[in-house]
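Because only heavy atoms are used, hydrogens play no part in the values below, and waters and symmetry mates are left out as well, while side chains stay in. Per chain, numbering begins at 1; letters A, B, ... match sequence-line order. Just so it is clear, the model here is predicted, and its values are computed rather than measured.
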There are 2 protein chains.
Amino acid sequence: MSSKRFSYEYPHPAVTTDIVVFTIRDEQLKLLLIKRKLVPFKGQWALPGGFVTLNEDIEQCAKRELVEETGVKNVYLEQLRTYGDPQRDPRERVITIAYFALIASEKIRIQADTDAAAVNWFDTGDLPKLAFDHATIVNDALQRLQKKLDYSAIAFQFLSEEFTLSELQKIYEIIRGGEIDKRNFRKWALSLEDIEETGEMNNAGAHRPAKLYRLRSHKRVVDL
Amino acid sequence: MSSKRFSYEYPHPAVTTDIVVFTIRDEQLKLLLIKRKLVPFKGQWALPGGFVTLNEDIEQCAKRELVEETGVKNVYLEQLRTYGDPQRDPRERVITIAYFALIASEKIRIQADTDAAAVNWFDTGDLPKLAFDHATIVNDALQRLQKKLDYSAIAFQFLSEEFTLSELQKIYEIIRGGEIDKRNFRKWALSLEDIEETGEMNNAGAHRPAKLYRLRSHKRVVDL
DNA sequence: TCAAAAGTGTTTGCTATACACCCATGA
DNA sequence: TCATGGGTGTATAGCAAACACTTTTGA
């Protein structure tokens with residue numbers, strides 16, 4: 001059988017990565033999905049991802065798949081969890097390492113590519129039926145995102161280098177799903193060690209211009 | 001080649017689980033290691049673990065390997081992280097899903113088995129040189145353990161069903177690596193929703209007997 | 001009666017929350 | 001001049017930290 005060239009003494013599962021990419025846009029938390037071009041689950045929406053090749057690191061694989069399938073790059077990426085139910089893929093045993101990615105919406109231009117028939121952003125409150133166990137993965141990612149808001153500076157990943165405090169507050173409100181008092185929020189934000197004024201102002205709209213801020217540590221995720 | 005019976009169209013990495021098992025004993029945080037019987041790293045100390053078989057869930061695999069190699073069962077187990085550096089195993093591409101386990105020291109009777117030449121508990125402050133990238137994995141597990149102390153009831157996993165507040169305090173002191181004020185600690189512990197007196201006392205030693213407590217939720221890990 | 005661990009409250013500072021008005025700009 | 005979002009301070013309550021002595025038991 002010339003199509004089965006890779007042989008092992010013991011059975012080996014296939015290994016993939018899947019990436020849960022979030023952004024914030026139109027005042028909503030959005031999730032990036034692709035429409036599958038191939039079986040199984042052909043035509044259904046799924047997380048971008050794909051098989052780990054033999055000589056690439058798994059994080060590299062996640063980044064590569066993301067570029068290949070959606071055109072998205074330069075994201076904040078962290079490992080979420082590995083899913084290994086023996087039945088999770090109807091083809092063969094596939095273990096997937098899920099990643100969790102955040103990106104500022106201005107940095108993106110998505111485009112469907114080789115393995116995807118379409119790529120789109122979905123409101124996290126209104127997702128289509130997902131292929132495989134991707135609904136579970138998305139749930140876990142949402143929980144992780146919410147928890148991490150409280151003890152890390154992860155929210156800054158949704159903003160560009162320079163941002164106003166109102167923009168930052170909006171991020172927290174959208175992800176937490178509730179209003180936050182403006183004065184208390186600003187007091188808290190300004191007490192963070194690694195936030196600083198740029199000196200510039202954001203003149204946008206018929207209202208008082210807002211001061212611009214940046215992270216001193218250049219958008220690294222910092223434990224608070 | 002009769003020894004290579006498993007063939008695939010694309011290369012598949014091997015997948016293992018490795019388990020970082022902690023306990024507390026002799027007032028020290030201890031880690032369970034096995035001495036490798038086989039190459040590579042024959043004779044070196046390593047985390048217990050082994051290959052995922054085709055039809056078992058990865059968590060099942062971790063539990064099975066733990067029993068097989070060390071005789072340890074009924075542990076608290078959670079997934080830590082997946083490690084996939086292409087060079088981490090000299091034999092072939094091996095991706096490992098690391099787990100993180102805690103057990104009360106009284107519940108254990110360890111014993112070396114098929115794949116291990118020896119099994120032993122090591123002080124986490126004084127570990128031998130470890131095989132593969134296991135030193136990295138252990139470090140990650142230690143960090144996770146310390147962080148989780150603050151926002152979960154994970155420390156109870158080190159105790160048996162019934163325990164005294166002094167025993168509980170000791171756990172926190174050992175893992176944090178510092179003394180804690182007794183009155184403040186008790187105030188905090190007793191304010192936890194799911195701790196309750198058993199009514200029994202612990203008459204041990206030439207001193208005042210201590211009240212015994214238990215967790216209402218029977219030692220589930222609860223977010224605080 | 002001594003040694004050894006169990007048990008017990010109050011004060012103080014910090015941090016989170018609640019809350020309402022003036023400011024600067026463009027249209 | 002008006003609509004829009006930007007910007008600011010104080011009072012209160014709840015939580016974390018500091019701190020020392022009495023109690024009960026077995027040897």
Side-chain angles (χ1 to χ4, degrees), chain A residues 24 26-27 146-153 155 159-160 162-214 222-224, chain B residues 24 26-27 146-153 155 159-160 162-214 222-224:
Chain A
I24 286 182
D26 306 330
E27 311 223 332
Q146 286 190 346
K147 286 209 174 159
K148 259 197 122 146
L149 266 201
D150 292 329
Y151 65 88
S152 80
L159 298 168
S160 45
E162 307 199 335
F163 52 86
T164 69
L165 292 185
S166 295
E167 285 166 353
L168 183 60
Q169 180 174 345
K170 201 89 214 175
I171 306 287
Y172 276 85
E173 289 179 337
I174 291 166
I175 301 174
R176 288 238 184 95
E179 298 204 343
I180 301 172
D181 179 81
K182 205 206 299 190
R183 280 173 294 188
N184 292 336
F185 181 81
R186 280 159 182 261
K187 217 179 306 168
W188 170 81
L190 293 174
S191 78
L192 295 178
E193 287 277 311
D194 46 277
I195 201 171
E196 65 181 7
E197 293 188 25
T198 64
E200 306 288 300
M201 304 289 264
N202 176 17
N203 290 57
H207 53 80
R208 180 170 174 177
K211 286 183 184 169
L212 287 170
Y213 292 83
R214 75 166 78 88
V222 183
D223 281 349
L224 296 181
Chain B
I24 287 183
D26 306 329
E27 312 224 331
Q146 285 190 347
K147 286 208 174 159
K148 261 198 121 147
L149 266 201
D150 293 330
Y151 64 89
S152 80
L159 297 168
S160 44
E162 306 199 336
F163 52 85
T164 69
L165 292 186
S166 295
E167 285 166 353
L168 182 61
Q169 181 173 344
K170 200 87 212 179
I171 305 287
Y172 276 85
E173 288 179 337
I174 291 166
I175 300 174
R176 289 237 185 96
E179 298 204 345
I180 301 172
D181 179 82
K182 205 205 298 190
R183 280 171 295 187
N184 290 337
F185 181 80
R186 280 160 181 261
K187 217 179 307 165
W188 170 82
L190 293 174
S191 78
L192 297 177
E193 287 277 310
D194 47 278
I195 201 172
E196 66 182 6
E197 292 189 24
T198 64
E200 306 287 299
M201 304 289 265
N202 177 16
N203 291 57
H207 54 80
R208 182 169 172 176
K211 287 184 184 171
L212 287 170
Y213 293 83
R214 75 166 78 88
V222 183
D223 281 350
L224 297 181

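Following rounding to the nearest Å, A:Tyr151 (OH) and C:dA16 (P) show an atom-to-atom distance of 18 Å. For the pair A:Asn184 CG and C:dT15 P, the interatomic distance rounds to 14 Å; values are reported in whole Å. The distance between atom CD of B:Gln169 and atom C1' of C:dT8, rounded to the nearest whole Å, is 14 Å. Here the P atom of nucleotide D:dA18 and the CZ atom of B:Phe185 are 15 Å apart, to the nearest Å. When the C1' atom of C:dA18 is taken as reference, atom CD1 of A:Ile180 falls 14 Å away, rounded to whole Å. Rounded to an integer number of Å, the gap from B:Glu197 CD to C:dG7 C1' is 12 Å. Protein atom CG of A:Asp181 is 14 Å distant from nucleotide atom P of D:dG6, rounded to whole Å. D:dT8 atom P lies 17 Å from atom CH2 of A:Trp188, rounded to whole Å.
For the pair A:Ser166 and D:dG5, the criterion of a side-chain N or O lying under 4.0 Å from OP1 or OP2 is not met.
Between atom CZ of residue A:Phe163 and atom CD1 of residue A:Ile195 there is a gap of 4.0 Å, rounded to the nearest 0.5 Å. A distance of 8.5 Å separates CG in A:Leu190 from NZ in A:Lys211, rounded to the nearest 0.5 Å. Considering CD1 of B:Ile171 and OG of B:Ser166, their distance stands at 11.5 Å, rounded to 0.5 Å.
Among the nucleotides C:dC19, C:dG9, D:dG7, the one closest to any side-chain atom of A:Arg183 is C:dC19. You'll find that the side chain of A:Arg186 is closest to D:dG7, out of D:dA20, C:dA6, D:dG7.
Classification of A:Arg214 and A:Asp194 as a salt-bridged pair fails, no side-chain N sitting under 4.0 Å from a carboxylate O. Ion pairing between a basic and an acidic side chain is recognised when a charged N comes within 4.0 Å of a carboxylate O; B:Arg176 and B:Asp150 show such pairing.
Within the 4.5 Å cutoff, no side-chain heavy atoms of B:Leu212 are placed close to those of B:Glu197.
For A:Lys187 against C:dT15, no side-chain N or O and base N or O form a donor-acceptor pair under 3.5 Å.
Annotation: B:Glu193, atom CD; neighbour count of heavy atoms from other residues, nucleotides and ligands within 6.0 Å does not exceed 12.
If one axis is set at each end of the helix from C:dT1-D:dA27 to C:dA27-D:dT1 from five pairs, those axes are 0° apart, to 10°.
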Pairs under 3.5 angstrom, nitrogen or oxygen only, protein versus nucleotides 21-26 of chain D, please.
unit_1 : atom_1 : unit_2   : atom_2 : d
D:dT23 : O4'    : B:Arg208 : NH1    : 3.4
D:dT23 : O2     : B:Arg208 : NH1    : 3.3
D:dT24 : O2     : B:Arg208 : N      : 2.7
D:dT25 : O2     : B:Ala206 : O      : 3.1
D:dT25 : O2     : B:His207 : N      : 3.1

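For A:Gln169 (side chain) and A:Ile180 (main-chain N/O), a donor-acceptor pair under 3.5 Å exists by modelled atom type.
B:Lys211 comes within contact range of the sugar-phosphate backbone alone, with a heavy-atom separation under 4.0 Å but no base atom that close.
Below 30°, between 30° and 60°, or above 60°: for B:Tyr151 and A:Tyr151 the angle between ring planes is below 30°, a parallel geometry.
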